[in-house]
Structures are given as structure tokens and as C-alpha cells.
Amino acid sequence: MKTIVNFGLMDVISEDNKDVINFNLSSGKVTFILAYKGEEIYIERAYWRHLNYGGAIEGDQAKLWKIFNKKIKNKLN
């Protein structure tokens with residue numbers, strides 16, 4: 001079942017073992033596709049879009065997840 005939730009800063013679309021998180025910016029957005037495997041979570045894909053340009057966010061996925069998780073926790077506090 002697909003669930004869509006809007007938190008203002010971001011939209012979360014959950015379905016099966018994946019979450020799509022869109023950070024909405026004034027002129028674009030950043031999207032993370034998170035996948036769950038057992039107790040583990042990882043970023044399956046990450047990409048950005050700004051003024052009709054965009055692309056994949058490449059790099060160390062573990063580091064990217066740590067940065068992403070820290071930013072979420074900071075926004076919640």
C-alpha cells in the first residue's frame with residue numbers, strides 16, 4: 001500500500017520496503033530513495049533538480065546517509 005505524507009519541508013512516499021523522500025526547495029528539489037533490507041537501511045538512489053537541470057548524487061552512500069540522517073535530526077529539534 002502506498003502512503004504519502006507532507007511535512008512541509010519534505011514529502012515522504014512509502015511503499016513496500018522503500019521510501020521516497022523529496023526535499024522541496026523554492027526552485028527545485030532533492031530526492032532520496034531509501035530501501036530497507038531486514039534491519040538495514042541504505043540510500044538506493046539520490047538525485048537533485050534545480051531550474052530544469054538535475055542529476056544523480058554520487059558518492060559514498062554510507063557517508064551520504066549519515067549526513068542525511070543528521071540533517072533530519074537537526075530539523076526535528
Side-chain angles (χ1 to χ4, degrees):
M1 184 166 90
K2 188 182 231 181
T3 304
I4 302 171
V5 180
N6 182 300
F7 292 104
L9 166 71
M10 64 185 177
D11 297 325
V12 179
I13 303 166
S14 296
E15 189 171 17
D16 298 327
N17 67 335
K18 291 186 183 180
D19 288 338
V20 177
I21 301 174
N22 294 309
F23 289 94
N24 301 308
L25 310 169
S26 60
S27 58
K29 70 179 176 178
V30 176
T31 299
F32 291 95
I33 299 175
L34 306 179
Y36 304 93
K37 189 184 289 185
E39 296 287 318
E40 297 293 317
I41 182 172
Y42 64 95
I43 296 175
E44 184 176 273
R45 281 190 334 178
Y47 53 94
W48 61 275
R49 178 163 284 310
H50 179 72
L51 298 175
N52 295 323
Y53 294 97
I57 299 173
E58 301 293 337
D60 180 353
Q61 294 298 303
K63 183 177 179 182
L64 186 59
W65 171 248
K66 287 177 187 172
I67 293 168
F68 168 76
N69 197 29
K70 184 177 178 182
K71 288 181 183 286
I72 292 295
K73 286 181 180 178
N74 288 341
K75 286 290 182 185
L76 293 175
N77 292 329

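Computed from a predicted structure; not experimentally measured.
Grouping the Ile, Leu, Val, Met, Phe, Trp and Tyr side chains by contacts below 4.5 angstrom, directly or via other members, places M10 with V5. Under a hydrophobic-cluster definition in which Ile, Leu, Val, Met, Phe, Trp and Tyr are linked whenever side-chain heavy atoms come within less than 4.5 Å, directly or via other members, I33 and I13 are assigned to the same cluster. Cluster membership for I41 and V12, using ILVMFWY side-chain heavy atoms within less than 4.5 angstrom, is shared.
Using a 4.5 Å cut-off on side-chain heavy atoms (C-beta onward), W48 and H50 make contact.
With side-chain heavy atoms closer than 4.5 Å counting as contact, directly or through intermediates, M1 stands alone and belongs to no larger hydrophobic cluster. Other residues sharing the hydrophobic cluster of L51, ordered by chain and number and joined by side-chain separations under 4.5 Å: none, the residue standing alone.
Annotation: side chain to side chain donor-acceptor pair (under 3.5 Å) contacts involving residues 1-10, sequence neighbours excluded, comprise N6-D11.
Atom-to-atom distance recorded for I43:CD1 and T31:OG1 is 12.0 Å, nearest 0.5 angstrom.
Annotation for F32 and A46: closest pair CD2-CB, 3.7 Å, computed over non-hydrogen atoms.
Considering I21, I57, N22, N24 in turn, I57 is the only one that fulfils the side chain to side chain contact (heavy atoms under 4.5 Å, CB included) rule with V30.
Annotation: side chain to side chain donor-acceptor pair (under 3.5 Å) contacts of Y36 (sequence neighbours excluded): D19.
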